[in-house]
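Here, residue 1 is the first one in the sequence, and each next residue gets the next number. Both backbone and side-chain heavy atoms feed into the values below; hydrogens, waters and symmetry mates do not.
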Amino acid sequence: MAEGRREDDDSAIRAAWAAGDHRAALATTLQRHGAEVFGFLVALHQDADFADDAFSLFAERLWQTFATFEWRCSVRTWCYLLARNASVSVRRREARHARHEVHVASFTEVEELATRIRTETASALRTEKRSELQRLRDELPEDDRALLVLRVDRALAWRDVAAILVPDGGTLDDRALAQHAARLRKRFQLVRERLHARGKERGLI
């Protein structure tokens with residue numbers, strides 16, 4: 001598989017951010033990446049309410065952190081990292097407390113955009129015809145589904161996948177991140193082999 005098949009062009013977002021127009025930068029970020037992030041959360045949770053909560057929390061945290069974003073990774077990777085952490089928070093029933101940190105008056109416009117993206121994407125996902133192999137993948141543990149979605153469906157580079165899937169939402173230095181990426185590559189191969197074996201058992205391959 002080619003490393004990073006998709007080019008992430010953050011120029012428009014970065015220009016707005018550099019000019020201090022964080023609202024415009026954030027809106028462009030949600031318009032560009034919101035739908036695929038919501039699809040990622042749906043794949044993880046397999047529960048519409050959980051995915052909705054996680055996406056709302058993701059949008060709030062994006063709003064909270066965008067002004068201090070340090071551009072150490074692409075905006076797309078940052079979105080997935082925040083979404084993954086929001087997913088963990090929802091699992092731990094922390095979302096309600098996190099929401100109180102947001103100043104609702106300043107967040108309303110972004111919240112409306114996030115709601116529209118979530119609604120439109122959910123509708124598209126409901127009408128999407130899923131293959132038997134995709135249904136087989138849905139049976140995997142959440143962490144394995146996340147690994148496959150990020151690497152196969154989203155074609156993210158291994159370094160970005162490793163940054164997003166750091167245990168407990170932490171951060172790693174360059175050496176530790178490279179080691180984590182190597183472990184994920186091995187795990188990815190094992191997951192693919194397990195899926196292939198299950199597919200053969202069910203006559204899908």
Side-chain angles (χ1 to χ4, degrees), residues 1-44 51-89 95 98-99 101-125 146 149-166 169-174 177-178 180-181:
M1 178 182 298
E3 189 75 11
R5 289 176 300 183
R6 166 179 169 159
E7 291 291 332
D8 294 323
D9 182 5
D10 291 336
S11 56
I13 297 171
R14 189 157 191 163
W17 184 90
D21 192 351
H22 299 143
R23 186 183 299 272
L26 182 56
T28 303
T29 297
L30 284 174
Q31 289 166 346
R32 182 170 296 175
H33 304 301
E36 66 175 79
V37 167
F38 182 70
F40 168 68
L41 291 168
V42 169
L44 287 193
D52 282 351
D53 288 346
F55 188 78
S56 293
L57 183 54
F58 149 74
E60 291 177 359
R61 288 180 174 174
L62 186 63
W63 168 258
Q64 291 170 318
T65 62
F66 211 80
T68 56
F69 182 50
E70 296 180 345
W71 299 93
R72 294 180 180 178
C73 62
S74 70
V75 172
R76 186 181 184 219
T77 298
W78 180 242
C79 285
Y80 276 107
L81 176 58
L82 291 177
R84 177 62 174 165
N85 289 343
S87 173
V88 171
S89 292
R99 290 177 68 89
E101 300 171 6
V102 176
H103 299 294
V104 177
S106 61
F107 181 70
T108 299
E109 182 181 335
V110 174
E111 188 173 38
E112 290 174 353
L113 175 58
T115 298
R116 187 170 74 248
I117 290 170
R118 185 175 63 240
T119 302
E120 293 173 353
T121 307
S123 177
L125 290 173
V149 171
L150 292 172
R151 180 58 185 170
V152 178
D153 297 352
R154 304 304 191 252
L156 288 170
W158 278 112
R159 182 181 178 84
D160 293 331
V161 174
I164 294 165
L165 298 183
V166 172
T171 57
L172 300 175
D173 59 30
D174 287 344
L177 191 62
H180 185 44

One should read off an interatomic distance between Leu165 CG and Trp158 CH2, to the nearest 0.5 angstrom, of 9.0 Å
Give the minimum heavy-atom separation between His33 and Val75, together with the two atoms involved. CD2-CG1, 4.2 Å
Closest non-hydrogen atoms of Leu41 and Ala83, given as atom of the first, atom of the second and distance, are CD2-O, 3.6 Å
Hey, mind stepping through Asp10 and Trp71 against side-chain contact (heavy atoms from CB on, under 4.5 Å) and telling me if it holds? CA-CA 10 Å; Asp10 291 336; Trp71 299 93; 3.9 Å; yes
Shortest non-hydrogen contact from Arg154 to Gly39? NH2-C, 3.7 Å
Nearest heavy-atom pair of Ala43 and Val149: which atoms, and what distance? CB-CG2, 3.9 Å
Taking C-beta and beyond as the side chain, do Phe58 and Arg84 meet within less than 4.5 Å on heavy atoms? no
Heavy atoms, side chains only, cut-off 4.5 Å: are Trp78 and Leu62 in contact? yes
Can you name the residues that form a salt bridge (charged side-chain N to carboxylate O under 4.0 Å, His left out) with Asp174, not counting sequence neighbours? Arg159
Under 4.5 Å between any side-chain heavy atoms of Phe66 and Thr29, yes or no? yes
Value for CG (Asp52) from OG1 (Thr119), rounded to nearest 0.5 Å, stands at 7.5 Å
Quick check for you: to the nearest 0.5 Å, what is the distance between Asp9 atom CG and Arg14 atom CZ? 11.5 Å
List the atom of Ala162, the atom of His180, and the distance in Å for their closest heavy-atom pair. O-CD2, 3.2 Å
Separation between CG (Asp153) and CD (Glu36), nearest 0.5 Å, reads 10.5 Å
Establish, yes or no, whether a centroid distance under 6.0 Å links the rings of Trp17 and Phe69. no
Within the 4.5 Å heavy-atom criterion, are Arg61 and Ser89 side-chain neighbours or not? yes
Using side-chain heavy atoms (C-beta onward) and a distance below 4.5 Å, is Ile117 in contact with Leu113? yes
Test item: Trp63 and Arg23 side chains (from C-beta on) under 4.5 Å apart, heavy atoms: yes
Straight-line distance of Ile164 CD1 to Leu150 CG, nearest 0.5 Å: 5.0 Å
If you measure from OG1 on Thr77 to CG on Leu82, what distance do you get to the nearest 0.5 Å? 11.0 Å
So which heavy atom on Ala114 is nearest to which on Ala59, and how close? CB-CB, 3.9 Å
